[in-house]
Amino acid sequence: MSELSIQDELGVSILRALAAMVESGELPSAVTLPDAITLDRPKNRDHGDYSTSVALALAKPAGLPPRNVALAIQKHLEADASLKGVLKAVEIAGPGFLNLTLDTASQAEIVAAILSAGEKFGHGKVLDGVSINLEFISANPTGPLHLGHTRWAAVGDALGRLLSAAGAKVTREFYINDRGNQMDLFGASLRAAALGQPTPENGYHGGYIQDLATDIVAQHPEYVGLDEAAGTAAFRDAGYALQLAQQQSVLETFRTHFDIWFSEKSLYENNFFNHCLDRLKEQGHVFMDGGATWLRTTDFGDDKDRVMIKSDGAHAYFASDSAYYISKRERGFDVLIYMLGADHHGYVNRLKAIAACAGDDPEYNIDVLIGQLVKIMEGGEEIKLSKRAGTIITLEELVEKVGVDAARYTLIRYPVETPMVMDVDLLRSRTNENPVYYVQYAHARICAVLRNAADLGIAYGASVFKPELLVHERERELMGSLAEFPRMLAHAAQLREPHRIARYVEELAAVYHRFYADCRVLPMGDEPASDLHSARATLCQATAQVVANALGLLGVEAPEKM
RNA sequence: GCGCCUGUAGCUCAGUCGGAUAGAGCACUCGCCUUCUAAGCGAGUUGUCGCUGGUUCGAUUCCAGCCAGGCGCGCCA
């Protein structure tokens, strides 16, 4: 079997047909042929296994009626010897669509391909060799992770898995804002709580502050006696360590792993920031004004120039952004993905401007994903998200209520640019409204069938598989869906849209359930085992593999029993 | 004012190299377990794809303008 999938093979054959048509004068030589042919899966099964509108697209430049173009392509495909045994029929429909129907045995090769590739089935090379830095969450270490962070935890982690599967070399990074006056405020709030004093103005509230303060005092009773400056610093550092450890621990239980926890403070160690500043100066976009040091980001589409070093000598947050960008690039990453909340979308232009100021190509080196904030409904009312008010749903609480699988799946299955409403009551009720159960059930169901097959002594697997037996419409439908997985994965990776995986696997589960309802897999009663039983069991095995692979990309378990 | 996102069925939402009759779940009605997991399957009902124009063989999809909602525009972090 060739390296090419059947879709690819058909696409290449059509391109060959087009080239031959130019050769023979059936198409004017002035017509520019497409680089690749896209084959769609028609919604209507009467339209074959794949369809293409290439004839429609070429009709105009060729100055020919679309049907004539389609007829010529059809003629060449039917004469193509390499498609014997692959393509069963080529039909022309509507204004000039070409509908292709595959030969059964050829279509069923996908089953063997899946079993052969196993966990790797679907993985591809569209991002081969690309070194990607994927930064997400990057919450302040001044409190627990809330639901907004949780969306990024789920989506970011799934995106990391997806990009890796597409061939990219991915490093997941969490940026710790461990510098600046928010940290000092955090320290002052903890100290106040420990001393039983009122929370400072704009300080941090919430029960966790009191809890942290209590823990710190238990470990370091001497902190209570320190003066304000020393005490604030001591509580800040101790609170930071505890809070960061808490975030790290809860993320691990959420199956979200980071390769690097990057400290903002570290950007100012070992003269690194000055090194970055020098690099930016070399590019000529740094200037002084009013005693401050600026980056002229307006050279590259930003609304206004940005201060890096304030006139009082302090580093503005933008200084960190700039240095952090350069750090990532110097560590060898080609593509930097930033996942930001909608309230930070104003940063897109300035981030891209940093890249341009550093002499890079913002369109290639920076990829910013903007996620709309999550709203939470409980008891029919919206809960406002406010880290400081203390009325937050944390990642831990969400997991406690609905479990890791349901939480991750629900958060991933919507495009991030869609504002999302999570109904806590609904998720807590564990009804079937959550499609994760639907998908997991399909997997568990298949596993049950395969267990029974083994008990009955039915052999299944690539070695006994007879592809020509799978002629039932439901079987063909199922194999068609399975064959879509690699292409879907590549597309989702390129678009950075993990939600497509969830949508795909839901459809696959639906197709499997239909197959299951119409096609008996195992022998009934005393019926003797046949090759068809084996073939169907093998198809089930391949389906379970793809469902498991898809759920694996989402970080959701594929249970063998439910 | 400028910028970004959103507007699709009663509700929650899918649908981006433009494609054939616009989909799913929930909800509602009715069927299917004396054999593989009924957490399932099947049938039925629901639409000015925000509005108006443009591009073309074809627009929910691309472009422009408008309407509505959300968010952002600091020598804060």
Side-chain angles (χ1 to χ4, degrees), chain A residues 34-36 38 40 42-44 46-47 51-53 56-57 59-60 65-66 93-97 99 140 142 177 179-183 185 202 264 289-294 303-304 306-312 314-318 320-321 341-349 370-373 375 413-421 423 426 430-435 437-442 444-453 455-456 458 491 495 497 499-500 502-503 506-507 509-510 512-525 527 533 536-537 540 561-562:
Chain A
D35 297 330
T38 52
D40 300 313
K43 293 171 206 156
N44 188 332
D46 295 337
H47 296 155
S51 76
T52 177
S53 60
L56 291 170
K60 177 102 187 235
F97 291 102
N99 294 333
N140 290 336
T142 54
N177 299 127
R179 189 187 142 272
N181 56 25
Q182 286 301 317
M183 288 303 294
L185 209 46
N202 296 324
E264 180 189 354
D289 185 51
T293 305
W294 299 68
D303 300 336
K304 53 185 68 172
R306 306 289 168 180
V307 169
M308 291 197 289
I309 304 175
K310 296 186 268 186
S311 50
D312 66 2
H315 296 280
Y317 193 75
F318 187 71
S320 298
D321 287 338
D343 53 342
H344 287 74
H345 73 251
Y347 289 33
V348 177
N349 282 342
I370 297 298
Q372 295 297 314
L373 302 181
K375 286 184 185 171
R413 82 183 279 267
Y414 301 96
V416 291
E417 66 268 20
T418 302
M420 180 181 171
V421 180
D423 188 327
L426 195 62
R430 303 195 64 133
T431 64
N432 301 330
E433 180 122 1
N434 191 331
Y437 295 117
Y438 181 82
V439 174
Q440 290 183 316
Y441 181 71
R445 196 180 221 187
I446 296 170
C447 290
V449 171
L450 294 179
R451 279 193 298 272
N452 295 338
D455 289 347
L456 291 170
I458 310 274
H491 196 207
L495 295 173
E497 292 185 348
H499 78 272
R500 288 173 183 276
R503 301 292 170 164
E506 285 168 32
E507 174 61 23
Y512 179 78
H513 286 312
R514 282 198 287 274
F515 156 80
Y516 180 89
D518 288 355
C519 296
R520 176 78 197 188
V521 177
L522 302 176
M524 297 178 74
E527 186 188 351
H533 295 129
R536 284 181 171 170
C540 286
K561 290 182 183 173
M562 285 175 77

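Labels below follow one simple rule: chain letters A, B, ... track the order of the sequence lines, proteins then strands, and each chain is numbered from 1. Fair warning: this is a prediction, and the values are worked out from it, not measured in the lab.
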message = Over all strands shown, is A/P419 touching base, sugar-phosphate only, or nothing at heavy-atom distances under 4.0 angstrom?
response = sugar-phosphate

ask   = Just checking A/E497: base, sugar-phosphate only, or nothing, at a heavy-atom cut-off of under 4.0 Å?
value = base

ask   = Contact class for A/H345 (heavy atom, under 4.0 Å): base, sugar-phosphate, or nothing?
value = base

task = Quote, to the nearest angstrom, the P distance that separates B/rG19 from B/rG58.
result = 14 Å

ask   = Which nucleotide in the list B/rA77, B/rA20, B/rU6 gets nearest to the side chain of A/N99?
value = B/rA20

task = Answer yes or no: does a side-chain N or O of A/K304 lie under 4.0 Å from OP1 or OP2 of B/rC2?
result = no

task = Could you tell me whether A/A448 contacts a base, only the sugar-phosphate backbone, or nothing, with contacts defined as non-hydrogen atoms closer than 4.0 Å?
result = base

task = Would you classify A/N177 as touching base, sugar-phosphate or nothing, given that sugar-phosphate means primed atoms plus P, OP1 and OP2, and contacts are heavy atoms under 4.0 Å?
result = nothing

ask   = Is A/D455 touching bases, backbone alone, or none of the nucleic acid, heavy atoms closer than 4.0 Å?
value = nothing

task = Using a 4.0 Å heavy-atom cut-off across all strands, classify A/I370 as base, sugar-phosphate, or nothing.
result = nothing

inquiry  = Any base atoms under 4.0 Å from A/D312, or only sugar-phosphate, or nothing? Heavy atoms, all strands.
reply    = nothing

query = Taking the inter-plane angle between the rings of A/F515 and A/Y512 on a 0 to 90° scale, is it parallel (under 30°), tilted (30 to 60°) or perpendicular (over 60°)?
reply = tilted

message = Does a side-chain N or O of A/K43 approach OP1 or OP2 of B/rA22 to a distance below 4.0 Å, or not?
response = no

key: B/rA77 versus B/rG18 - spacing of their C1' atoms, nearest Å   = 44 Å

ask   = Can you tell which of B/rU56, B/rU21, B/rA38 lies closest to the side chain of A/K60?
value = B/rU56

task = Would you mind classifying the nucleic acid contact of A/G290 as base, sugar-phosphate or nothing, using non-hydrogen atoms under 4.0 angstrom?
result = base

query = Looking for any heavy atom pair under 4.0 Å, which part of the strands does A/P415 touch: base, sugar-phosphate only, or nothing?
reply = sugar-phosphate

task = Taking syn as within 90° of 0 and anti otherwise, name the glycosidic form of B/rC33.
result = syn

message = Over all strands shown, is A/A93 touching base, sugar-phosphate only, or nothing at heavy-atom distances under 4.0 angstrom?
response = base

inquiry  = When you measure only distances, ignoring hydrogens and angles, does the side chain of A/S51 come within 3.5 Å of the base of B/rA20 through a donor and an acceptor?
reply    = yes

request  = Please determine, for the side chain of A/R500, which listed nucleotide (B/rC36, B/rU16, B/rA20) has the closest atom?
outcome  = B/rU16

query = Under 4.0 Å between a Lys/Arg side-chain N and an Asp/Glu carboxylate O for A/R514 and A/E507?
reply = yes

query = Which listed nucleotide (B/rG19, B/rG15, B/rG40) is nearest to the side chain of A/H499?
reply = B/rG15

message = Between A/R413 and B/rC13, is there a contact of a side-chain N or O with OP1 or OP2 at under 4.0 Å?
response = no

query = How far does the C1' atom of B/rC33 sit from the matching atom of B/rC41, given to the nearest Å?
reply = 11 Å

Between B/rA68 and B/rU8 - C1' atom distance, rounded Å = 16 Å

query = In whole Å, what is the span from the CE atom of A/M420 to the C1' atom of B/rG69?
reply = 19 Å

inquiry  = Using a 4.0 Å heavy-atom cut-off, does A/H491 contact any base of the nucleic acid, only the sugar-phosphate backbone, or nothing at all?
reply    = sugar-phosphate

ask   = Side chain of A/Y441: nearest nucleotide among B/rG72, B/rU37, B/rG19?
value = B/rU37

query = Looking for any heavy atom pair under 4.0 Å, which part of the strands does A/G525 touch: base, sugar-phosphate only, or nothing?
reply = base

message = Base, sugar-phosphate or nothing for A/T418? Non-hydrogen atoms, less than 4.0 Å.
response = sugar-phosphate

